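Input: a single structure, listed below in structure tokens.
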Amino acid sequence: MLQFKNNDLCIEQIKLSEIAIKYGTSTYVYSKSKIIKNFDNYKKALSPKEGFICFACKTNSNGAILKNISKLGAGADVTSGGEIYRCLRAGFDPLKVVYAGVGKTSEEIEYALKSKILMFNVESFEELDLINKIAGRIKLKAKISFRINPYVESETHDYIITGKKGTKFGIPYEDALKAYLYAKKKKNIVIAGIHSHIGSQILKTEPFKLAAQKIKKAVAEIEKNGIKLEYINCGGGLGIEYEKGQKAPSVKQLMSELFIVFDEDKKFIFEPGRSIIANAGHLLTKVIYRKVSGGKSFLITDAGMNDLIRPTLYKAYHEIIPVKKTNSKKIKTNVVGPICESGDFMGKDRMLPVVNQGGYLLITCAGAYGASMSSQYNSRPLIAEVLVENNKTMLIRKRASYKDLLLNEIK
Ligand code: LLP
């Protein structure tokens, strides 16, 4: 929901320059109506089937964002005890919470069981043993799916492919039946379904379809052995258009292709994160200084890699837009942060109009894996977050102070 009104870039009905003045920079800014629209796409596409959408809250775990998403009827995909805590605080129904992760600790498992979450997505035999043991000790039953690694290749950054052979994720495809037969013998385990996740920022439907075909085959084999599966969890992973020229399939297209494969009557779970929140959130930053060095033009912003690490970590592209439109000619510009590393950049060699010192830039589509991956590196306090609805703004995270930097430190 970004658009220029006259020469001012606006989010919903509000000028971004006004937000910068009111809340300071750098600040994450989210559009509520965009979140609702993105979630609605999933809800509608799933409607021919039974099931629900679990928001992958690792993408953005701000309490107000989670609360708004839970109000839409979403469930949650969590990966830690901390995320369970956040989700319950945000009002998610525990019976719509699914818990994946290769390294769940005893404490996290016990907390999840006591929180009565819907199910664990179990990623190893040893994890299953531990869940069974803890459930027995506290006299509860644990509902589980196995996360099966379907061995599917997809075109995305190497760090975020999860469903190919040789990654740490899930149960190896060839061991799927063995895992279910093993789980069937466990006293405190209730088998509920099957799960897979192939990776993130995937822009084609093909790998999802291949994974679905493999999971369908596994389901048939498991059910042939007398084990009934109630849920099929298709994971998350649909990419978004960060850059001009990229084309993401629609959620409707993805699901209609998947439901040709999965023609059975099961309950379906999807765990999207990025495609719900990425293009609903942006990082608003100020140009502190400009300089030319070694023949290159630099804009130095008050946002750094500690605030948004995606360009540094994945060489990710985020479009950068000055919030005031001008007629100036475009020059090749490097937008960099203030941190003491050459890897601290937001965008390299971008054709941007001249922006003056003190001007504001919007680093777009940073709503997913932006704030949630930020840190206090270089002792930079965590930045503010603002939610916009029509012409109203709401501060949803205060900018941290220097004092906050010392929180929990013991001298
Ligand atoms: N479910 C599971 C089990 C996952 O591991 C993930 C993401 C999701 C769902 C959500 O996937 P999405 O719909 O957001 O693609 N930090 C990286 C992305 C890491 C993805 C990890 N898993 C980035 O900034 O690109």
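As the structure is a prediction and not an experimental result, all values here were calculated from the model. Residues take their numbers from the sequence shown, with the count starting at 1.
A cation-pi contact, defined as under 6.0 Å to the ring centre and within 45° of the axis, is absent between Lys217 and Tyr173.
In terms of modelled atom types and a separation under 3.5 Å, the side chain of Glu257 and the main chain of Lys209 share no donor-acceptor contact. Using a distance-only test at 3.5 Å, with no hydrogens or angles considered, a donor-acceptor pair links the side chain of Glu123 to the main chain of Gly101. Side chain of Glu12 to main chain of Asn390: a donor-acceptor pair is present (N/O by atom type, distance under 3.5 Å, no hydrogens or angles). Asn132 contributes no side-chain N or O that, together with a main-chain N or O of Leu128, makes up a donor-acceptor pair within less than 3.5 Å. Judged by distance alone, the side chain of Lys141 and the main-chain N or O of Lys187 form a donor-acceptor pair under 3.5 Å. Glu110 places no side-chain N or O within donor-acceptor distance of the main-chain N or O of Ile134, the cut-off being under 3.5 Å. Arg290 places a side-chain N or O within donor-acceptor distance of the main-chain N or O of Val355, the cut-off being under 3.5 Å. At distances below 3.5 Å, at least one donor-acceptor pair connects side-chain atoms of Ser256 with backbone N or O atoms of Gln253. His282 places no side-chain N or O within donor-acceptor distance of the main-chain N or O of Ala366, the cut-off being under 3.5 Å. Between the Thr301 side chain and the Val336 main chain, a donor and an acceptor come within less than 3.5 Å of each other.
No more than 12 heavy-atom neighbours from other residues, nucleotides or ligands sit within 6.0 angstrom of CG on Asp265. Enclosure of atom CD in Glu126 is not indicated, since only 12 or fewer non-hydrogen atoms of other residues, nucleotides or ligands lie within 6.0 angstrom. By the neighbour-count criterion of 12 heavy atoms within 6.0 Å, atom NZ of Lys214 is densely surrounded, having more than that number from other residues, nucleotides or ligands. No more than 12 heavy-atom neighbours from other residues, nucleotides or ligands sit within 6.0 angstrom of OH on Tyr289.
Considering every non-hydrogen atom in both Asn188 and Gly136, the closest pair reads ND2-CA, 3.2 Å.
Considering only heavy atoms from C-beta on, Ile276 stays 4.5 Å or farther from Asn60 through its side chain. Residues Arg137 and Lys133 have side chains not in contact (no heavy-atom distance under 4.5 Å, counting atoms from C-beta outward). By the 4.5 Å heavy-atom criterion applied to side chains, His157 and Lys315 are not counted as neighbours. For the pair Tyr360/Lys15, no side-chain contact is recorded, criterion being any heavy-atom separation below 4.5 Å from C-beta on. In this structure the side chain of Leu313 reaches within 4.5 angstrom of the side chain of Met373, judged on heavy atoms. The shortest distance between side-chain heavy atoms of Gln201 and Gln246 falls below 4.5 Å. Side-chain atoms of Ser154 and Lys204, non-hydrogen and from C-beta on, never get closer than 4.5 Å to each other. The shortest side-chain heavy-atom distance between Thr205 and Leu254 falls under the 4.5 Å cut-off.
Of the listed residues (Val323, Thr25, Ile11), just one forms a side chain to side chain contact (heavy atoms under 4.5 Å, CB included) with Ile19, and that residue is Ile11.
Applying the ring-ring contact (aromatic ring centres under 6.0 Å, His included) rule to pairs touching residues 128-156 yields Phe146-Tyr180, sequence neighbours excluded. Counting only residues at least two apart or on different chains, the salt bridge (Lys or Arg N to Asp or Glu O under 4.0 Å) pairs with a member in residues 296-313 are Asp307-Arg380. Applying the ring-ring contact (aromatic ring centres under 6.0 Å, His included) definition to pairs two or more places apart or across chains, those involving residues 216-263 are Tyr242-His318, Phe259-Phe268, Phe262-Phe268. The salt bridge (Lys or Arg N to Asp or Glu O under 4.0 Å) contacts involving residues 342-353 comprise nothing, where partners must be two or more places apart or lie in separate chains. Residue pairs satisfying the ring-ring contact (aromatic ring centres under 6.0 Å, His included) criterion with at least one member in residues 73-108, sequence neighbours excluded, are listed as follows: Tyr99-Phe120. Applying the side chain to side chain donor-acceptor pair (under 3.5 Å) test to residues at least two apart or on different chains, the pairs with a partner in residues 364-378 are Glu341-Tyr377.
Rounded to the nearest 0.5 angstrom, Leu361 CG and Ser26 OG are separated by 11.0 Å. Atom CG of Asn408 is separated from atom CD1 of Ile410 by 8.0 Å, given to the nearest 0.5 angstrom. Atom CD1 of Ile138 is separated from atom CG of Leu113 by 4.5 Å, given to the nearest 0.5 angstrom. Distance check, rounded to the nearest 0.5 Å: CD1 of Ile117 to CG of Leu88 gives 9.0 Å. Within the model, atoms CG of Leu9 and CD1 of Ile14 stand 12.5 Å from one another, a figure rounded to the nearest 0.5 Å. Here the CD1 atom belonging to Ile240 is positioned 8.5 Å from the OG atom belonging to Ser275, to the nearest 0.5 angstrom.
One finds a salt bridge joining Lys216 and Glu264 here, because a Lys/Arg side-chain nitrogen approaches an Asp/Glu carboxylate oxygen to under 4.0 Å. Taking 4.0 Å as the cut-off between side-chain N and carboxylate O, Glu319 and Lys244 count as a salt-bridged pair. Salt-bridge annotation for Glu127 and Arg147: absent, with no side-chain N of the basic residue lying under 4.0 Å from a carboxylate O of the acidic one. A salt bridge is absent between Arg86 and Glu83: the closest approach of a Lys/Arg side-chain nitrogen to an acidic carboxylate oxygen does not fall below 4.0 angstrom. Comment: Glu18 does not engage Lys22 in a salt bridge, judged by the lack of any side-chain N to carboxylate O separation of less than 4.0 angstrom.
Take Arg397 and apply the side chain to side chain donor-acceptor pair (under 3.5 Å) test, not counting sequence neighbours, and it matches Glu385. Lys324 meets the side chain to side chain contact (heavy atoms under 4.5 Å, CB included) test with Asp8, Ser17; sequence neighbours excluded. Under the ring-ring contact (aromatic ring centres under 6.0 Å, His included) criterion, Phe55 pairs with no residue at all, not counting sequence neighbours. By the side chain to side chain donor-acceptor pair (under 3.5 Å) test, Thr393 pairs with Tyr23, sequence neighbours left out. Here Asp129 pairs with Lys186 under the salt bridge (charged side-chain N to carboxylate O under 4.0 Å, His left out) rule; sequence neighbours left out.
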Can you check side-chain contact (heavy atoms from CB on, under 4.5 Å) on Leu203 and Glu155, steps first, answer last?
-> CA-CA 8 Å; Leu203 290 170; Glu155 266 173 56; over 6 Å; no
Show the numbers, then the answer: is there a side-chain contact (heavy atoms from CB on, under 4.5 Å) between Lys266 and Glu230?
-> CA-CA 6 Å; Lys266 299 268 184 213; Glu230 188 183 353; over 6 Å; no
List the steps and the verdict of side-chain contact (heavy atoms from CB on, under 4.5 Å) for Asn62 and Leu387.
-> CA-CA 11 Å; Asn62 178 288; Leu387 183 64; over 6 Å; no
Show the numbers, then the answer: is there a side-chain contact (heavy atoms from CB on, under 4.5 Å) between Asp77 and Lys58?
-> CA-CA 8 Å; Asp77 156 51; Lys58 62 175 80 65; 3.2 Å; yes
N/O donor-acceptor pairs under 3.5 Å from side chains in residues 159-166, not counting sequence neighbours:
from, atom 1, to, atom 2, distance (Å)
Thr162, OG1, His197, O, 2.8
Thr162, OG1, Ile198, O, 3.3
Thr162, OG1, Gly199, N, 3.0

